[in-house]
A.B. asks: 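Questions regarding the structure given below will be posed in turn.
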Amino acid sequence: MPQDKRLPDHDKVDELARYAAAKKSTLVSIVINLILTVLQIVVGIFARSQALVADGIHSLSDLLADFVVLFASHHGRKGPDDDHHYGHQRYENAASLVLGLLLLVVGIGMLFSAASKFNDPASIAQVHAIALWVAVFTLFCKEGLFRYMLNIAKRVRSTMLVANAWHARSDAASSLVVALGIVGNLMGYPLLDPAAALIVGLMICKTGGQFAWEALSDLMDKAADEEEIAKIRATLLATPGITGLHDLRTRKMGDMIMVDVHLEVDGRLNVREGHNIALQARASVMAEHPVLNVMTHVDPV
């Protein structure tokens, strides 16, 4: 994930607060996307703008994505049970994967639809000026929604909400392209409208592929990034009684990290003393980092 899309490094946020924030931001997104979907598709058909209709379908995909986020946020906050001993945090990874695949499908559909227009340029109609105003209005709405959602996503440390926020930013970028395509059509270059729809499709495919791949990597037990692992290592080594460690391994579980590590302690300590050191190390890591659990093994040295 690019540097500007990474989550800030701070203490874990209460799961109830994360769910409430996710629900609130997603409901706001649903209302905005519902309004924009109807507005863009209706006006796009009336104004004969393929690019605006394509952008409206993109907004419709956002609506579906928002419902996926609500579903994942509701189920992801559930604790361990008989079927899921480590909890349900990976609902968020699965939701991000669905979001990515949804974007890919929408993007590919737009590519085929726009490409068909180039085979018959004479069929491209003159766009009505109202389409431009709707495209500009959509651009400002999507950019505002992006900033609002990204701020909440960073505050509650949710990669799923980050994905949904950048989905909104991709919409803002696509609306800008649509506006430029409509301007070109109005100036006498009709091919620029389907060309804008084609560019929007490519942008959506790129964004969807990126999110789908990152989510799939997490579902396949991708390790935390090297910087986070180094911080966890430092916290463990700072625990009194630990002389060293080895076999430190991590894997993602939703927005959290699972840790396995062998801790080296003085071999002259008794079992209870070694166990207490391991408990202290575990507690320190879970308090200072986005770690769900730490599995420790004590090695006497």
Side-chain angles (χ1 to χ4, degrees), residues 25-67 99 102-150 164-209 211:
S25 66
T26 305
L27 288 175
V28 170
S29 180
I30 285 175
V31 172
I32 292 176
N33 283 320
L34 179 60
I35 294 172
L36 292 179
T37 296
V38 175
L39 182 64
Q40 288 172 296
I41 293 178
V42 171
V43 174
I45 293 173
F46 169 77
R48 296 180 292 184
S49 171
Q50 182 185 9
L52 189 59
V53 172
D55 212 24
I57 295 173
H58 191 187
S59 296
L60 178 61
S61 75
D62 296 345
L63 268 178
L64 299 177
D66 289 334
F67 284 113
L99 287 176
L102 178 62
L103 283 172
L104 274 175
V105 171
V106 171
I108 292 172
M110 288 183 180
L111 292 179
F112 278 105
S113 177
S116 66
K117 290 293 184 180
F118 289 92
N119 295 327
D120 186 18
S123 67
I124 302 175
Q126 175 71 30
V127 174
H128 195 282
I130 192 175
L132 178 60
W133 292 106
V134 172
V136 172
F137 174 72
T138 301
L139 170 61
F140 282 102
C141 288
K142 291 292 188 177
E143 181 64 19
L145 181 62
F146 159 72
R147 295 178 182 276
Y148 167 74
M149 294 181 69
L150 187 63
N164 214 26
W166 279 96
H167 190 175
R169 165 55 71 86
S170 72
D171 295 346
S174 70
S175 295
L176 175 60
V177 173
V178 168
L180 294 175
I182 293 173
V183 169
N185 183 286
L186 292 172
M187 293 177 64
Y189 301 94
L191 276 175
L192 290 183
D193 187 64
L198 189 68
I199 294 173
V200 170
L202 289 172
M203 293 170 61
I204 294 171
C205 286
K206 180 180 181 296
T207 303
F211 285 137

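No hydrogens, no waters, no symmetry mates; every other heavy atom, side chains included, goes into these values.
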A.B. asks: Can you tell me which residue among Leu36, Val28, Leu150 is in a side-chain contact (heavy atoms from CB on, under 4.5 Å) with Leu145?
C.D. replies: Val28
A.B. asks: Find the distance between CD1 (Ile199) and CG (Leu176) and round it off to the nearest 0.5 Å.
C.D. replies: 10.0 Å
A.B. asks: If I compare all heavy atoms of Gly208 with all of Leu103, which pair ends up nearest, and what's the gap?
C.D. replies: CA-CB, 3.5 Å
A.B. asks: I need the full list of side chain to side chain donor-acceptor pair (under 3.5 Å) pairs touching residues 35-44, with sequence neighbours left out, sorted by first then second residue.
C.D. replies: Gln40-Asp55, Gln40-Ser59
A.B. asks: Please report, to 0.1 Å, the donor-acceptor pairs under 3.5 Å made by any side chain of residues 181-196, with sequence neighbours excluded.
C.D. replies:
from	atom 1	to	atom 2	distance (Å)
Asn185	OD1	Val127	N	2.8
Asn185	ND2	Ala125	O	3.4
Asp193	OD1	Ser49	OG	3.0
Asp193	OD2	Gln50	N	2.8
Asp193	OD2	Ala51	N	3.3

A.B. asks: Only counting residues at least two apart or in another chain, list the ones meeting side chain to side chain contact (heavy atoms under 4.5 Å, CB included) with Leu198.
C.D. replies: Leu111, Ala114, Phe118
A.B. asks: Taking the side chain as C-beta and beyond, is there a heavy-atom pair between Phe137 and Leu39 under 4.5 Å?
C.D. replies: yes
A.B. asks: At their closest point, which heavy atom of Val53 faces which heavy atom of Ile45, and how far apart are they?
C.D. replies: CG2-N, 3.7 Å
A.B. asks: Any side chain to side chain donor-acceptor pair (under 3.5 Å) pairs touching residues 137-147, not counting sequence neighbours?
C.D. replies: Asn33-Lys142, Asp62-Lys142, Lys142-Asp171, Glu143-Arg147, Glu143-Arg169
A.B. asks: Holding to ring-ring contact (aromatic ring centres under 6.0 Å, His included), I want the full list of residues that pass it with Phe46, two or more places apart in sequence or in another chain.
C.D. replies: His128
A.B. asks: What residues, two or more places apart in sequence or in another chain, satisfy side chain to side chain contact (heavy atoms under 4.5 Å, CB included) together with Leu34?
C.D. replies: Leu63
